[in-house]
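The structure appears below as structure tokens.
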Amino acid sequence: MAEPELLLDSNIRLWVVLPIVFITFFVGLIRHYISILLQSDKKLTEEQVSDSQILIRSRILRENGRYIPKQSFLTRKYYFNNPDDGFFKKTKRKVVPPSPMTDPTMVMDMMKGNVTNVLPMILIGGWINWTFSGFVTTKVPFPLTLRFKPMLQQGIELLSLDASWVSSASWYFLNVFGLRSMYSLLLGQDNAADQSRIMQEQMTGAAMAMPPDTNKAFKAEWEALEIMDHQWALEEVEEDLMAKDLNFEGMFSKEMETSMF
């Protein structure tokens, strides 16, 4: 004999489901703007700015070198890739890995990240679990196995309840990780409200990543520029232009009419 279908009160939608959605959404917005206010400006040294401009110049030479004469292209290429004293050959930068012992701003950034990301999630999640404890909010539209009960039914210990039902605490966590597209639509791709992206960066260590190695960037740019050959894109452009049938008929008469008025 099949078990009777569980029916939910319509007030649960108004007083449990929608409030959790709105609270999660607005907390994400507040966290985004607080993160912007607490964000510290990273100061670049003169050497870093100079190296970035050199790499941009080399990349522009590779992409648009065919529009300048061959002698000009080779002169610029010689400046970068000269085997004896070329910029990419003679320049060696010392890469210093960041350390909390030598960089106090690194510790401050970690504390700001915990304040804006971890602490609100713990406080709001605990408050929602306490306020809406024991509520069954919704049901997923497909059957699930019993392995999903601990994930979808936090705070409800009913063995007879179908695994497709979602508790209020689990509904909050589904909203935390499910509002990513809404945040991206309103705040852009790189926003501080996307909790799942922030947690992924913390787990993979992207937030504590090593700084880019300038020497490796110089070597890669040297190799890319070394294999470049000059192919003059404007060769015989005068002959092609003169070979075209240029129609000037009616041009001067139109100019005379507009000048009269």
Decide yes or no for [X] and [Y]: does some side-chain heavy atom of the first lie under 4.5 Å from some side-chain heavy atom of the second?
X: R13; Y: L8; value: no
X: Y33; Y: L187; value: yes
X: N175; Y: W171; value: yes

So does E221 pair up with R62, basic N to acidic O under 4.0 Å?
yes

Give the minimum heavy-atom separation between [X] and [Y], together with the two atoms involved.
X: L55; Y: F88; answer: CD2-CE2, 4.4 Å
X: L18; Y: L14; answer: CD1-CD2, 4.3 Å
X: A163; Y: Q153; answer: CA-NE2, 3.5 Å

Please report the interatomic distance [atom1]([X]) to [atom2]([Y]), rounded to the nearest 0.5 Å.
X: S164; Y: L152; atom1: OG; atom2: CG; answer: 8.0 Å
X: R57; Y: F87; atom1: CZ; atom2: CZ; answer: 9.0 Å
X: K219; Y: E226; atom1: NZ; atom2: CD; answer: 13.0 Å
X: S10; Y: W15; atom1: OG; atom2: CH2; answer: 12.0 Å
X: I12; Y: S168; atom1: CD1; atom2: OG; answer: 9.5 Å
X: N81; Y: L74; atom1: CG; atom2: CG; answer: 11.5 Å

I'd like to know if the side chain of [X] reaches the main chain of [Y], judged simply by a donor and an acceptor atom lying under 3.5 Å from each other, with no hydrogens or angles considered.
X: Y183; Y: F25; answer: yes
X: S58; Y: I54; answer: no
X: S50; Y: E46; answer: no
X: S52; Y: V49; answer: yes
X: K149; Y: L158; answer: yes
X: H230; Y: S72; answer: no

Before giving the answer on salt bridge (Lys or Arg N to Asp or Glu O under 4.0 Å), spell out for R93 and D51 the whole-Å C-alpha distance, their side-chain angles and the decisive distance to 0.1 Å.
CA-CA 10 Å; R93 302 302 188 193; D51 294 342; 2.8 Å; yes

Are [Y] and [X] connected into the same hydrophobic cluster when the rule is that any two of I, L, V, M, F, W, Y join if their side-chain heavy atoms are below 4.5 Å apart?
X: L61; Y: Y67; answer: no
X: V17; Y: W130; answer: yes
X: L119; Y: V27; answer: no
X: W127; Y: F173; answer: yes
X: I30; Y: L123; answer: no

Under the salt bridge (Lys or Arg N to Asp or Glu O under 4.0 Å) definition, can you give me all pairs with a residue in residues 115-136, not counting sequence neighbours?
none

Step-by-step side chain to side chain donor-acceptor pair (under 3.5 Å) determination, S184 to S181
CA-CA 5 Å; S184 300; S181 58; over 6 Å; no

Tell me if the CD atom of E63 is crowded by more than 12 foreign heavy atoms within 6.0 Å.
yes

Atom CE of M182 with >12 non-hydrogen neighbours under 6.0 angstrom
no

Check: residues 135-146 side-chain donor-acceptor pairs under 3.5 Å, at least two apart:
unit_1: T137; atom_1: OG1; unit_2: V166; atom_2: O; d: 3.0
unit_1: K139; atom_1: NZ; unit_2: E5; atom_2: OE2; d: 3.3

Can the positive tip of K89 be found less than 6.0 Å from the middle of the six-membered ring of W222, inside 45° of the ring normal?
yes

Does R66 have any side-chain hydrogen bond (donor to acceptor under 3.5 Å, both in side chains) partners at least two apart in sequence or in another chain, and if so, which?
none

Only residue of F73, F80, Y79 satisfying side-chain contact (heavy atoms from CB on, under 4.5 Å) with K77 is F73

So, for Y172 and F132, is the gap between ring centers shorter than 6.0 Å?
no

